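A, B, ... follow the sequence lines: proteins, then strands. Residue 1 opens every chain. All values derive from a computational prediction rather than experimental measurement.
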2 protein chains.
Amino acid sequence: MASKKASAKQTASTKPSKPVHEPYPASSPEVEVLVQEVISRVADTWTMLVLEALVEHGRLRFTELGRHIPGISQKMLTKTVRQMESDGLVERTVYPVIPPRVEYEITNLGYTLSEAFCGVWIWAEKNHKKVEAARAAFKSRVV
Amino acid sequence: MASKKASAKQTASTKPSKPVHEPYPASSPEVEVLVQEVISRVADTWTMLVLEALVEHGRLRFTELGRHIPGISQKMLTKTVRQMESDGLVERTVYPVIPPRVEYEITNLGYTLSEAFCGVWIWAEKNHKKVEAARAAFKSRVV
DNA sequence: TTCTATACTTACCCAAAGGTGAGCGATATG
DNA sequence: CATATCGCTCACCTTTGGGTAAGTATAGAA
C-alpha cells in the first residue's frame with residue numbers, strides 16, 4: 001500500500017503538500033493480482049489469530065490451539081489451519097497414535113508474515129481511539 | 001501480531017531457537033477486541049484498494065475513484081467509502097451542484113494506515129512465490 | 001422536448017462464510 | 001462392557017458479501 005506503483009502524476013498531484021511515499025518499485029499487473037490474492041487470504045481474521053497464537057505459544061495441539069483463539073469453531077479452525085499449511089505458513093505434524101495427536105508450528109514464512117503484520121497491529125493499537133472518535137463524530141453529523 | 005502480548009512462558013517456550021520478538025507491551029483484552037475489530041474492517045479488500053487508489057492519485061471524484069479500482073461495483077464503492085469516512089480514513093466533500101460532484105481524499109489517519117500496510121504488501125511481493133510453491137508442494141503431497 | 005451526466009439508493013438474487021450438532025475410529029480406562 | 005479421548009468430517013442451516021439492474025433528481029445541451 002501507500003504508493004505501490006510509481007506514478008508520474010504524483011508530481012502534479014492535487015495534493016502536493018502531502019509527503020510522497022515511494023518505498024519500492026512498481027510491479028507488473030500480474031504480480032499485483034497475485035499479491036492481492038495472497039493478502040486477501042492472509043489478512044483473514046482467523047489466519048491472523050492463528051498466526052498470533054502460534055507465535056505466542058509455540059508448537060500446539062489442535063484443541064490447545066483452539067483454546068487460544070476465543071470464538072473459533074472446530075470447523076473454521078480446521079479450515080484455516082489447513083489453508084495455512086497449504087500456504088506454507090504452518091507445519092502440521094501427525095502422530096499416528098490413538099487418540100490422535102496433531103501438532104502445529106509456525107514456519108519461517110509464517111513468522112515473517114507475523115512480523116509484517118506487526119505494523120498494522122501497532123497502528124490499530126495507536127489509533128483505535130481516533131477511529132472510535134471519528135465514528136462518533138460521523139454518527140452525530142449524519143443523524 | 002508477532003507476540004503482541006507479553007508472555008512469561010516465552011522464556012521456557014517449546015521453541016527457544018526462534019527469536020522472541022516483543023516490540024510492544026501487552027494490552028488489555030478489551031483493547032485487543034477493539035483492535036481486532038478495527039483490523040478486520042480495515043483489512044477488507046476494498047478498503048485496502050480504495051486507500052491505495054487515493055494515496056496514489058490524490059483527491060478523486062466518485063466515478064474516477066471507481067475507475068482506479070478494477071472490478072468494484074457502485075454499490076461496494078459507496079459502501080466502502082462511507083465506512084472509511086465514518087472511520088476517519090477519508091474525507092468526503094460534496095459540492096451541491098447539478099449534476100452532483102463529490103470528492104474523496106485520504107486523511108492523515110488513512111495515510112498512516114496505508115503506511116502500516118506497506119509491510120504486508122512488501123511481504124506479499126517478496127513471498128508470493130514461496131506461497132505458490134508451498135501450495136504446489138502441498139497439493140502433490142496430499143493427492 | 002428529450003437526452004445526458006453524476007452520485008448515489010433500492011430491490012432482488014446468488015454464492016460464500018460460518019455456526020451447530022452428529023458421527024467416527026480404536027484404544028485405554030473404569 | 002461402556003465410556004472418554006482427539007482430531008477431525010459431514011450435513012444442514014442462517015447470515016453476510018456482493019453482483020445486477022433499475023430508479024432518482026435536476027440542470028444544461030442538443
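Among the atoms of the strands shown, none is found under 4.0 Å from any heavy atom of A:Tyr95.
Distance, A:Leu60 CG to D:dG7 C1': 15 Å, rounded to whole Å. Atoms CZ (B:Arg92) and C1' (C:dA7) sit 8 Å apart, rounded to a whole Å. Between B:Glu64 atom CD and C:dA5 atom P the separation is 15 Å, expressed in whole Å. Computed from coordinates, the A:Leu77 CG to C:dG19 P distance equals 11 Å when rounded to whole Å.
Under 4.0 angstrom from either OP1 or OP2 of C:dA7 there lies at least one side-chain N or O belonging to B:Thr63. Contact check, A:Arg82 against D:dT9: a side-chain N or O comes under 4.0 Å of OP1 or OP2. Contact between the side-chain N/O atoms of A:Arg61 and the OP1/OP2 oxygens of D:dT5 is not found at any separation under 4.0 Å. Phosphate proximity of D:dG7 to A:Arg101: absent, as no side-chain N or O sits under 4.0 Å from OP1 or OP2.
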Give the table of side-chain donor-acceptor pairs shorter than 3.5 Å for residues 136-143 of chain A, with sequence neighbours excluded, one pair per line with atom names and distance.
{"residue": "A:Ser140", "atom": "OG", "partner": "A:Ala136", "partner atom": "O", "Å": "3.4"}
{"residue": "A:Ser140", "atom": "OG", "partner": "A:Ala137", "partner atom": "O", "Å": "2.9"}

- Task: Summarise protein proximity over nucleotides 10-30 of chain D in one line of letters, 5' to 3': B for base, S for sugar-phosphate only, - for none, counting protein heavy atoms closer than 4.0 Å.
- Result: -------SBBB-----BS---
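Under the 4.5 Å side-chain contact rule for hydrophobic residues, B:Ile98 and B:Val94 do not share a cluster.
Of the candidates A:Glu105, A:Glu103, A:Arg59, A:Thr93 forms a side chain to side chain donor-acceptor pair (under 3.5 Å) with just one, namely A:Arg59.
Note that CG of B:Leu113 is 10.0 Å distant from CE of B:Met48, once rounded to the nearest 0.5 Å.
Hydrophobic side-chain contacts under 4.5 Å tie A:Tyr95 into a cluster, directly or through other members, with A:Val97.
Between B:His68 and B:His57, the two ring planes are parallel [angle under 30°; tilted spans 30° to 60°].
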